[in-house]
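Report on the structure given below.
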Amino acid sequence: MADNRSELIESDDEHKTVTDASALSAKLVFEVIRRSGEEELERPFKSLFWSGIAAGILISFSVLGEAYLRGSLPDTEWRYLVENMGYSLGFLLVILGRMQLFTENTITTVVPLALRPDMTCFTQMMRLWTIVLGANVVGAFIAAYFLAYGDVLSPEVAGIVTDLSHHATGMGAWESMMRGIPAGILIAAIVWMLPSGRGSQVPIIIIFTWLIAMGDFTHVVAGSVEMAYLMVQGDLGVLAGFGAFFVPTFVGNVIGGTVVFTMLAWAQIAPEIEEE
């Protein structure tokens with residue numbers, strides 16, 4: 001039939017219901033992300049900067065969520081499985097709150113560049129990356145200073161945050177980069193799945209960010225809170241923190257989120273676009 005209805009569909013309402021229930025095609029998901037990326041590229045500096053600072057502050061709740069769960073659970077073999085659920089808290093706040101998180105922008109703003117590979121689009125993307133990443137780090141340091149000196153953590157929880165921070169930043173440059181690649185892929189997967197995951201945004205975010213924590217994968221923004229927490233207390237040097245953790249993790253996240261996931265996503269729909 002011209003309207004692609006089967007014999008099981010007898011009315012326009014039923015046809016609409018089936019259409020609404022159908023998953024978005026890869027090309028349509030790509031278009032949703034592209035439009036979002038175009039909008040982000042056009043946003044003014046102040047909007048990006050303050051949203052990025054907010055994201056850097058709110059992502060600290062990933063560290064806090066994990067720390068509070070570890071402190072509340074008995075020391076058993078399964079504790080590790082449960083405590084890492086706390087890592088999802090900051091990501092829920094940031095992603096559902098539409099804050100500017102750098103690892104999301106490595107995906108959404110690369111998509112317009114795939115369709116419009118010119119110097120203007122590349123410059124816009126690099127401008128956004130610089131603003132957002134810088135703002136995320138500023139927000140992470142604000143949160144870390146507050147946690148370290150704001151008398152908001154009990155000695156027990158403060159000790160757990162310190163342990164988590166040493167673990168996250170103490171892997172070495174090569175391992176931090178390599179563990180950053182799966183984290184970048186998983187964050188990209190969240191961005192790719194949200195447009196078609198109607199009503200399922202929360203479980204999608206929780207599951208994939210829980211996997212990041214479970215795998216000990218490194219995330220440049222969440223990890224920046226842990227890095228900053230040690231730095232503001234003098235437990236980690238600037239060169240060691242940025243050289244052994246931040247820069248390698250940044251590279252790994254970009255490789256995973258942009259080179260691996262986004263380019264593969266583009267490759268699967270490029271033939272369809274070229275045919276049109």
Side-chain angles (χ1 to χ4, degrees), residues 52-67 69-70 80 83-95 99-106 129 132-148 158 160-188 190 205 208-233 235-258:
I53 287 182
I57 293 173
L58 290 178
I59 203 70
S60 66
F61 284 94
S62 286
V63 182
L64 285 176
E66 195 171 351
L69 281 177
R70 176 180 291 189
Y80 185 73
E83 71 179 47
N84 282 300
M85 295 291 289
Y87 189 76
S88 301
L89 181 57
F91 287 92
L92 284 169
L93 291 171
V94 170
I95 296 174
M99 306 298 178
Q100 290 289 332
L101 186 67
F102 173 74
T103 44
E104 279 191 283
N105 285 308
T106 59
W129 281 19
V132 170
L133 182 59
N136 286 166
V137 173
V138 171
F141 269 88
I142 292 171
Y145 193 88
F146 178 74
L147 294 177
I160 295 173
V161 172
T162 298
D163 291 342
L164 290 172
S165 300
H166 278 297
H167 177 74
T169 60
M171 298 180 182
W174 176 256
E175 187 174 359
S176 293
M177 185 187 74
M178 296 306 291
R179 288 181 177 272
I181 294 173
I185 292 173
L186 288 170
I187 293 295
I190 293 173
I205 295 169
F208 280 80
T209 53
W210 175 66
L211 284 174
I212 293 174
M214 278 293 300
D216 259 347
F217 303 136
T218 51
H219 185 272
V220 68
V221 183
S224 290
V225 176
E226 295 165 313
M227 178 188 74
Y229 186 78
L230 297 178
M231 281 186 179
V232 298
Q233 298 181 89
D235 291 340
L236 182 67
V238 174
L239 290 179
F242 280 91
F245 171 76
F246 184 86
V247 173
T249 300
F250 162 80
V251 172
N253 287 170
V254 171
I255 291 173
T258 300

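Expressed to the nearest 0.5 Å, how far CD of Glu83 lies from CD1 of Ile160 amounts to 8.5 Å. Once rounded to the nearest 0.5 Å, the distance linking OG1 of Thr258 with CH2 of Trp129 reads 4.0 Å. From Ile190, atom CD1 reaches atom CD of Glu104 across 8.0 Å, with rounding to the nearest 0.5 Å. Rounded to the nearest 0.5 angstrom, Met227 CE and Thr169 OG1 are separated by 9.0 Å. Put simply, CZ on Phe217 and CD1 on Ile212 are 8.5 Å apart, with the number rounded to the nearest 0.5 Å. Ile59 CD1 to Leu92 CG: the interatomic distance, rounded to the nearest 0.5 Å, is 9.5 Å.
By the 30° and 60° cut-offs, the orientation of the rings of Phe250 relative to Phe246 is parallel.
For the pair Asn136 and Gly52, the tightest heavy-atom approach, listed with the atom from each and the gap, is ND2-O, 2.7 Å. Across all non-hydrogen atoms, the minimal contact from Val225 to Ser60 is CG1-CB, 3.8 Å. Smallest separation of non-hydrogen atoms from Ser176 and Thr249: CB-OG1, 3.6 Å. The two residues Ala67 and Val161 have their closest heavy-atom pair at CB-CG2, 3.7 Å. Residues Gly241 and Met231 share a closest heavy-atom pair of CA-CE, 3.6 Å. Heavy atoms only, all atoms of each residue included: Gly256 and Ile185 are closest at O-CG1, 3.3 Å.
The aromatic ring centres of Trp210 and Tyr87 sit 6.0 Å or more apart.
Leu89 is not listed as a side-chain neighbour of Leu64, based on a closest heavy-atom distance of 4.5 Å or more. Residues Met214 and Tyr80 are in side-chain contact: their nearest non-hydrogen atoms beyond the backbone lie under 4.5 Å apart.
Not counting sequence neighbours, the partners of Glu175 by the salt bridge (Lys or Arg N to Asp or Glu O under 4.0 Å) test are Arg179. Legend: residues meeting side chain to side chain donor-acceptor pair (under 3.5 Å) with Asp216, ordered by chain and number and at least two apart, are His167. Residues satisfying the side chain to side chain donor-acceptor pair (under 3.5 Å) criterion with Gln100, sequence neighbours excluded, are Glu40, Asn105. Scanning for side chain to side chain donor-acceptor pair (under 3.5 Å) contacts around Ser88 gives Thr209, with sequence neighbours left out. Remark: Thr103 engages Leu101, Ile187, His219, Val220, Asn253 in a side-chain contact (heavy atoms from CB on, under 4.5 Å) (not counting sequence neighbours).
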Report all side-chain donor-acceptor pairs from residues 138-148 shorter than 3.5 Å, counting only partners two or more places apart or in another chain.
none

